[in-house]
Participant: 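Once you've had a glance at the structure underneath, I'll fire off some questions.
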Amino acid sequence: SIKNYSKAIKLNPNYFEAYNNIGVAYTSLKKTNKAIECFDRAIQINSSYAEAYNNKGNALKEKAEYQLAAEYYEKSIKLNPNYIDAITNLGITWELMNDFTKAERCFQQALSLNPNNPSLLYNLANCLFNSKDFNKAIDVCQKILNLDSSFYFAYNRLGLCYIQLK
């Protein structure tokens, strides 16, 4: 895919989406420094392209540069306040930094945009579990299973909550 995107850039050097997509490819190949260069180029061409800020945050998170990653997710959200992926990624990053209050706020914000999404609910359940709010985590897991009884991760998290409450 990198080869094809590179051809597109040769035809249009300002094709910021292609730079972004090359960055995503490099991220998946664990070449995060090259990925960051591509996201920077996409942002340089189009500073209002929220997806590139989000993807740069992902690459920085891979490098465990959590504070800087959070800043890029926040820039992405400022450009697109309804960008669920960036909001969720910011929540995960706050959780990695053990700021469960900010993480929960992000997951609640994402859920306000898509309230019955089991994956978003699962992020909230994990956050509540990690902040040791096991009863709330149980409630969220039960909501997940009411929506999708095949969401097996919720059963596992539910079991872990009950173990912690004994």
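Below, each value reflects all heavy atoms present in this structure, side chains not excepted, and no hydrogens, waters or symmetry copies.
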Participant: Distance-only check: which donor-acceptor pairs under 3.5 Å involve side-chain atoms of residues 156-166, not counting sequence neighbours?
Facilitator:
| residue | atom | partner | partner atom | Å |
| --- | --- | --- | --- | --- |
| Arg157 | NE | Asn126 | OD1 | 2.7 |
| Arg157 | NH2 | Asn126 | OD1 | 2.9 |

Participant: Go through the side-chain N and O atoms of Lys75 and Asn54 and say whether any donor and acceptor fall under 3.5 Å apart.
Facilitator: no
Participant: Per the salt bridge (Lys or Arg N to Asp or Glu O under 4.0 Å) rule, which among Lys56, Lys30, Lys31 passes with Glu62?
Facilitator: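 Option passing the salt bridge (Lys or Arg N to Asp or Glu O under 4.0 Å) with Glu62: Lys30.
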Participant: Verify the distance criterion only: is there a donor paired with an acceptor across the side chains of Asp133 and Ser131 at less than 3.5 Å?
Facilitator: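 The answer is no; no qualifying pair exists.
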Participant: Going from CG on Asn114 to CD1 on Ile84, what distance comes out if it is rounded to the nearest 0.5 angstrom?
Facilitator: 5.0 Å
Participant: If we ignore hydrogens and angles and just use 3.5 Å, is the side chain of Thr27 paired with the main-chain N or O of Gly23 as donor and acceptor?
Facilitator: yes
Participant: What are the two closest heavy atoms between Ala125 and Ala137, and how far apart are they?
Facilitator: O-CB, 3.7 Å
Participant: Assess whether side-chain contact (heavy atoms from CB on, under 4.5 Å) is satisfied between Lys78 and Glu74, documenting all intermediate values.
Facilitator: CA-CA 6 Å; Lys78 187 174 182 180; Glu74 288 169 346; over 6 Å; no
Participant: Does the pair Lys136 and Leu124 meet the rule for a side-chain contact (heavy atoms from CB on, under 4.5 Å), with working shown?
Facilitator: CA-CA 10 Å; Lys136 276 190 185 175; Leu124 176 59; over 6 Å; no
Participant: Walk me through it: do Gln44 and Asp40 pass the test side-chain contact (heavy atoms from CB on, under 4.5 Å)?
Facilitator: CA-CA 6 Å; Gln44 181 183 20; Asp40 285 340; over 6 Å; no
Participant: Show, in sequence, the C-alpha distance, side-chain angles and deciding distance for Tyr19 and Phe39, and conclude whether the ring pair (Phe, Tyr, Trp, His ring centres under 6.0 Å) test is met.
Facilitator: CA-CA 6 Å; Tyr19 283 103; Phe39 299 133; over 10 Å; no
Participant: Using only heavy-atom distances, determine whether the side chains of Ser48 and Asn46 contain a donor-acceptor pair under 3.5 Å.
Facilitator: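 Distance-only check passes for Ser48 and Asn46.
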Participant: Of Asp85, Thr93, Asn89, which meets side-chain hydrogen bond (donor to acceptor under 3.5 Å, both in side chains) against Asn58?
Facilitator: Asn89
Participant: Would you kindly confirm whether Leu96 and Leu128 end up in one hydrophobic cluster when ILVMFWY residues are joined by side chain heavy atoms under 4.5 Å apart?
Facilitator: yes
Participant: Report the residue from Leu90, Thr88, Leu120 that forms a side-chain contact (heavy atoms from CB on, under 4.5 Å) with Phe107.
Facilitator: Thr88
Participant: Give the intermediate values and the outcome of side-chain hydrogen bond (donor to acceptor under 3.5 Å, both in side chains) for residues Asn4 and Ser6.
Facilitator: CA-CA 5 Å; Asn4 290 318; Ser6 296; over 6 Å; no
Participant: Check the pair Ile9 / Asn14 against side-chain contact (heavy atoms from CB on, under 4.5 Å), numbers first and verdict last.
Facilitator: CA-CA 7 Å; Ile9 289 168; Asn14 291 320; over 6 Å; no
Participant: For residues Asn116 and Leu147, report the shortest heavy-atom separation together with the two atoms involved.
Facilitator: O-CD1, 3.6 Å
Participant: Please check if the distance between the ring centroids of Tyr122 and Phe151 is under 6.0 Å.
Facilitator: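 Yes, they do, as the ring centres are separated by less than 6.0 Å.
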Participant: Indicate, with yes or no, if the rings of Tyr73 and Tyr53 have centres closer together than 6.0 Å.
Facilitator: no
Participant: For a 4.5 angstrom cut-off between non-hydrogen side-chain atoms, does Phe100 reach Lys132?
Facilitator: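 A side-chain contact under 4.5 Å is absent here.
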Participant: Could you tell me which non-hydrogen atom of Ala103 sits nearest to which non-hydrogen atom of Gly91, and how far apart they are?
Facilitator: CB-O, 3.3 Å
Participant: Is it possible for you to say whether Leu113 and Trp94 belong to one hydrophobic cluster, with membership spreading through side-chain heavy-atom contacts below 4.5 Å?
Facilitator: yes
Participant: Please examine the side chains of Ser149 and Tyr155, heavy atoms only from C-beta on, and report whether any two atoms are closer than 4.5 Å.
Facilitator: yes
Participant: Measure across Phe16 and Ala42 and return the closest heavy-atom pair with its distance rounded to 0.1 Å.
Facilitator: O-CB, 3.4 Å
Participant: Between Gln108 and Arg105, does any side-chain donor sit less than 3.5 Å from a side-chain acceptor?
Facilitator: no
Participant: Looking at Ala154 and Cys141, what are the two nearest heavy atoms and their distance?
Facilitator: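 That would be O-SG, 3.8 Å.
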Participant: Do you know which two heavy atoms are closest between Ala70 and Met97, and how far apart they sit?
Facilitator: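 Of all heavy-atom pairs spanning Ala70 and Met97, the closest is CB-CE, 4.2 Å.
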Participant: Please check if the number of heavy atoms outside Lys63 that lie under 6.0 Å from its NZ is greater than 12.
Facilitator: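 Correct, the count exceeds 12.
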